[in-house]
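For reference, the structure is listed below as structure tokens.
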Amino acid sequence: MSSSPARLDDEALRASRQDGTYPRPQLVRPDWADLTGTWSFAFDDADEGLAERWFASPDFGRSIQVPFPFESEASGIHDTGFHPVVWYSRELTADDLAAAGFGADRRLHVHFGAVDYRAQVWLDGVHLGAHEGGHTPFSFDVTDVVGASTGAGAERATHTLVVRVEDDPFDVSQPRGKQDWRLEPHSIWYHRTSGIWQPVWLESTSDVFVTLVHATPDVPGGTIALRLDLNRRPAADADVRLDVVVSFEGEQLASQTMRALDVTTALVVALPLQTNGQAYEELLWSPEHPRLLDVRVTVRADDAVVDEVYSYLGLRSAAVAGGHFLLNDRPYYVRSVLNQGYWPESHLAAPSPAALKREAELIKELGFNATRVHQKFEDPRFLYWADVLGLLVWAETPGAFEFSPRAVARLSAEWTAVIERDLSHPCIVTWVPLNESWGVQHIAHDERMQAYARSLVSLTRALDPSRPVVSNDGWEHVDSDILSIHDYEWSGEVLRARYLDEDACAAVLGGFGPAGRRMLLDGQEVGGRPVMVTEFGGISYASKAVPDDAWGYSRATSSEDFVDRLEAVVGAVAASSFVAGFCYTQLVDTLQETNGLLADDRTPKAPLETLRAVITRTGSTTR
């Protein structure tokens with residue numbers, strides 16, 4: 001029997017929530033060791049490291065700051081050239097193992113938040129395994145390797161962790177999003193983010209432990225459907241039980257115990273307070289009231305506590321009906337902003353955990369209630385802050401650029417993994433598997449591409465039927481719960497007329513849209529689905545030095561002109577009696593795209609209160 005784990009301390013958990021540093025915020029254990037910081041690093045442009053067994057005795061001549069991509073300034077390397085193979089190494093010390101709570105009868109795990117794109121990992125020369133997918137987490141149990149090298153007579157005081165990464169800049173079948181395949185950024189694409197770009201950490205567990213906590217609320221039913229996964233099926237004669245406690249601000253709302261007979265245990269937890277129909281909204285999550293319910297899961301084997309984890313959930317629903325987006329079964333006007341999740345000094349990696357919190361805060365301060373994280377699966381710590389602060393999120397896959405069996409398999413696998421990772425975040429209210437026909441450029445004419453888009457929607461609904469799905473954001477919809485339109489018309493008068501009412505919107509959706517692309521395929525009708533303008537604006541105004549290749553979809557000459565243009569386009573869309581929401585392009589200047597509301601250092605291009613007044617124009621929610 002494994003020794004008891006460290007117990008969860010409520011005060012420590014609150015502190016952890018406040019600083020937002022824990023890499024996996026919906027499955028928290030008290031003991032963990034942060035492995036970010038200085039690692040050894042080497043380019044392997046000749047791809048000779050495997051043959052020369054670099055993993056056995058790494059002698060890398062450079063240092064890198066993990067988790068920043070080597071292309072970025074924050075990494076200390078700052079080399080934006082083509083380097084398809086790179087290596088990392090780091091010594092795991094006795095202090096690291098102790099911080100992770102590793103000791104007798106404990107299992108030790110090394111976790112990677114994201115490594116772009118294909119990784120192989122060794123510890124003390126022993127191959128732990130491989131992972132493919134640039135945005136998805138993975139981990140390895142390293143107990144046996146560490147145990148073998150720390151046993152009687154062992155000479156190792158430290159253990160060497162080695163990572164080899166492949167990221168071919170020319171492989172357009174990879175889900176790569178806005179990462180450029182050319183040497184220098186052009187058009188709407190940016191510098192690449194290669195290698196380790198999210199946290200690496202250690203933690204220890206017992207032999208039996210929780211690997212997943214999924215929560216799906218049923219608001220009308222006043223219940224929560226929980227899925228709890230263990231690392232393995234309990235033995236037939238083992239008495240393994242799961243204790244679940246749900247609370248809010250220290251007050252217990254429900255508790256339940258269930259015997260674990262398989263890897264997955266499904267249970268429905270009733271919330272007695274929700275039976276009072278006059279008070280049921282007091283626990284609901286929304287941007288205006290981001291209430292989070294705490295979930296504590298304790299694993300007992302033969303009455304001994306062997307694992308305890310902390311999670312949380314938001315009691316809310318997201319749906320569509322009658323031309324509206326519905327939040328908690330009420331029409332809710334979506335005021336969203338396109339967010340690239342890119343920083344000039346660190347690329348797709350956030351420069352710090354605090355930067356992720358500040359990003360969510362800025363979006364809220366600007367008057368938005370939602371954000372569309374564009375062509376990126378965002379760090380879970382950002383989703384955590386969106387949950388805590390109350391910010392709706394449209395989660396969108398990074399697109400591949402070609403249509404092929406390999407591209408289909410890769411994107412489908414990574415999309416599945418991210419839905420599994422993020423399903424329980426209340427902030428996520430819409431899934432977007434494709435954008436602007438990226439990777440399916442001829443979907444209007446190619447039945448294979450249409451079948452692929454429909455299959456992604458069906459896959460998403462199979463994994464999570466609780467949220468709307470947009471099949472192909474912007475145009476050429478095949479099976480979307482929301483009909484989204486991308487329109488970079490600069491004239492407020494033209495936009496106002498184009499989206500004035502139901503008839504005007506029907507004319508746009510019934511033919512070739514603003515970008516000259518068909519809007520609805522297969523003879524579809526609007527059919528009561530909400531219509532949203534999910535990209536518009538894109539007004540270029542370089543408030544600092546103007547890059548030579550600066551661009552947007554229209555250009556302002558001063559801060560005052562910028563605000564005037566912003567008022568014209570936002571006011572036009574918000575004036576519609578039919579449009580159910582919008583997403584403005586975009587939050588922050590990103591390299592050559594100088595069309596942000598904020599400069600790349602996150603300073604506003606006009607007084608923040610002025611921008612907020614424009615953004616918060618009333619949109620129609622009753623028609």
Side-chain angles (χ1 to χ4, degrees), residues 287-288 320-327 330-338 363-364 366-372 392 394 430 470 473-475 482-515 519 526 528-541 552-556 560-587 595-597 605-623:
E288 293 72 30
V320 297
H324 299 283
F325 174 80
L326 303 181
L327 185 68
R330 304 287 188 270
Y332 193 89
Y333 191 84
V334 176
R335 286 190 291 268
S336 183
V337 66
L338 195 73
I363 294 170
K364 293 275 290 187
L366 283 164
F368 296 103
N369 56 31
T371 187
R372 178 173 157 227
L392 304 182
W394 282 32
T430 304
V470 176
D473 200 68
W475 51 66
I482 297 168
L483 300 179
S484 58
I485 304 169
H486 293 181
D487 188 345
Y488 285 105
E489 169 60 47
W490 64 269
S491 167
E493 292 183 2
V494 173
L495 278 178
R496 186 179 295 265
R498 189 173 286 166
Y499 300 105
L500 181 63
D501 53 24
E502 182 174 2
D503 290 340
C505 291
V508 174
L509 292 166
F512 292 89
M519 297 305 300
V526 175
R529 290 176 287 179
V531 175
M532 297 189 189
V533 181
T534 54
E535 284 190 30
F536 77 109
I539 301 164
S540 174
Y541 172 55
Y553 295 92
S554 70
R555 185 179 295 276
E560 293 75 17
D561 184 32
F562 177 71
V563 172
D564 289 344
R565 289 172 179 266
L566 184 68
E567 285 183 327
V569 295
V570 172
V573 174
S576 171
S577 64
F578 191 72
V579 168
F582 65 75
C583 180
Y584 182 82
T585 302
Q586 61 185 347
L587 179 65
N595 55 5
L597 296 168
K605 295 184 179 180
L608 196 144
E609 58 272 17
T610 300
L611 297 175
R612 180 182 178 88
V614 174
I615 297 303
T616 54
R617 288 177 180 270
T618 302
S620 173
T621 58
T622 56
R623 53 177 184 268

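Numbers here are sequence positions counted from 1. Source: prediction; values computed, not measured.
Taking the charged nitrogens against the carboxylate oxygens, D473 and R372 do have a contact shorter than 4.0 Å, which makes a salt bridge.
For the pair V470 and I482, the tightest heavy-atom approach, listed with the atom from each and the gap, is CG2-CB, 3.9 Å. Here the closest heavy-atom approach between residue L509 and residue M519 is recorded as O-CB, 3.5 Å. Closest of all the heavy-atom pairs between Y333 and V579 is CE1-O, 3.4 Å. Nearest heavy-atom pair across A580 and P530 is CB-CB, 3.9 Å. Between A613 and T616 the shortest heavy-atom distance is O-OG1, 3.6 Å. Taking all atoms of both residues into account, the shortest heavy-atom contact from V337 to Q586 is CG2-C, 3.8 Å.
Residues D487 and Y499 bring a donor and an acceptor atom of their side chains to less than 3.5 Å of each other. No hydrogens or angles considered: a donor-acceptor pair under 3.5 Å links the side chains of T430 and W394.
Around the CD atom of E493, the shell of radius 6.0 Å holds no more than 12 heavy atoms that belong to other residues, nucleotides or ligands.
In this structure, Y553 and Y488 have parallel ring planes: the angle between them is below the 30° cut-off, well short of the 60° mark.
The salt bridge (Lys or Arg N to Asp or Glu O under 4.0 Å) test applied to R612 returns no partner, not counting sequence neighbours.
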